[in-house]
Amino acid sequence: AMGHAFFTLSLGMGAIMTYGSYLSERTAILPTVVAIATVDTLVALLAGIAIFPLVFSYGLTPGAGPGLIFETLPLAFGQMPGGAFFGTLFFILVVFAAWTSTISIIEPAVAWLVENHRYSRPRACVVIGVVTWTIGIATVLSFNTWQDYKLFGKTAFEAIDFLTASILLPLGGLSIALFAGWVMSERVVRGEL
């Protein structure tokens, strides 16, 4: 649940803060945060209601993680009329969701390069995109060509997943909370809220 919250809400990554910095001064933060958390929770619950009955009815492993969507939904689409069409449409939408998530995840790094190192926005996007693509290729290859290469007993995908989900995201979230609670002045925090 913690990993899900950190990923879906982009906590500990800086993406939420970066997007928040683009909001108008008149945008109320509290109602916006409540709406985002509510919609995120509802979508997660609806996904669970759709996916877990399929998992149990087909005898799949419920602890398989995010990959369950690629195991259960093809089974469901295969059983319904027009399933090929709706399955194709669904997975096209998943691709768009992945692209938009990627954009939000690289935005803090792009903004940092633009603001602190005077990169042009297109150049910063290319640099961060190439770094991200390279890491992505390493994770993809860890499922086949590089599956025998291990780092601390984990493939590249497993190592990056563990590092980000179990260490960096919670550490980033804790650091942000400590910074906002003990480093930022109360006047600044109240002004932002």
Q: Is V126 linked to I103 within one hydrophobic cluster, defined over Ile, Leu, Val, Met, Phe, Trp and Tyr using a side-chain heavy-atom separation of less than 4.5 Å?
A: no
Q: Do any N or O atoms from the side chain of T132 and from the backbone of I128 form a donor-acceptor pair under 3.5 angstrom?
A: yes
Q: To the nearest 0.5 Å, what is the distance between CG (L30) and OG1 (T32)?
A: 8.5 Å
Q: Should V94 and L73 be counted in the same cluster of Ile, Leu, Val, Met, Phe, Trp and Tyr side chains packed under 4.5 Å apart?
A: yes
Q: For the pair F77 and F90, name the ring-plane relationship: parallel under 30°, tilted 30 to 60°, perpendicular over 60°.
A: tilted
Q: Quick check: are there more than 12 heavy atoms from other residues, nucleotides or ligands sitting under 6.0 Å from OH of Y149?
A: no
Q: Same cluster for F56 and L75 if Ile/Leu/Val/Met/Phe/Trp/Tyr side chains link at under 4.5 Å?
A: yes
Q: Could you tell me which non-hydrogen atom of A156 sits nearest to which non-hydrogen atom of A138, and how far apart they are?
A: CB-O, 3.8 Å
Q: Using every non-hydrogen atom in the two residues, find where P53 and G48 come nearest and quote the distance to one decimal.
A: CD-O, 3.7 Å
Q: Tell me whether L168 shares a hydrophobic cluster with F162, the cluster being built from Ile, Leu, Val, Met, Phe, Trp, Tyr side chains joined at under 4.5 Å.
A: yes
Q: Could you tell me the separation between the CZ atom of F91 and the CG atom of L93, rounded to the nearest 0.5 Å?
A: 10.5 Å
Q: Test V43 against every option in D40, T41, V39, L45 by the side chain to side chain contact (heavy atoms under 4.5 Å, CB included) rule and name the one that passes.
A: V39
Q: Once the angle between the rings of F157 and F143 is folded into 0 to 90°, is it parallel (under 30°), tilted (30 to 60°) or perpendicular (over 60°)?
A: tilted
Q: What's the separation between atom CG in L178 and atom CG in L174, rounded to the nearest 0.5 Å?
A: 4.5 Å
Q: Closest heavy-atom contact between V189 and M184?
A: CG2-CB, 3.8 Å
Q: Is there a donor-acceptor pair under 3.5 Å between the side chain of S166 and the backbone N or O of L163?
A: no
Q: T164 and P170: which non-hydrogen atoms are nearest, and at how many Å?
A: O-CD, 4.2 Å
Q: Say whether L113 and I105 are linked into one hydrophobic cluster, either directly or through other cluster members, by side-chain heavy-atom distances under 4.5 angstrom.
A: no
Q: What's the separation between atom CD1 in I29 and atom CG in L23, rounded to the nearest 0.5 Å?
A: 7.5 Å
Q: How long is the straight-line distance from CG of L141 back to CD of Q147, given to the nearest 0.5 Å?
A: 11.0 Å
Q: What is the minimum heavy-atom distance between R121 and V114, and which atoms define it?
A: CA-CG2, 3.8 Å
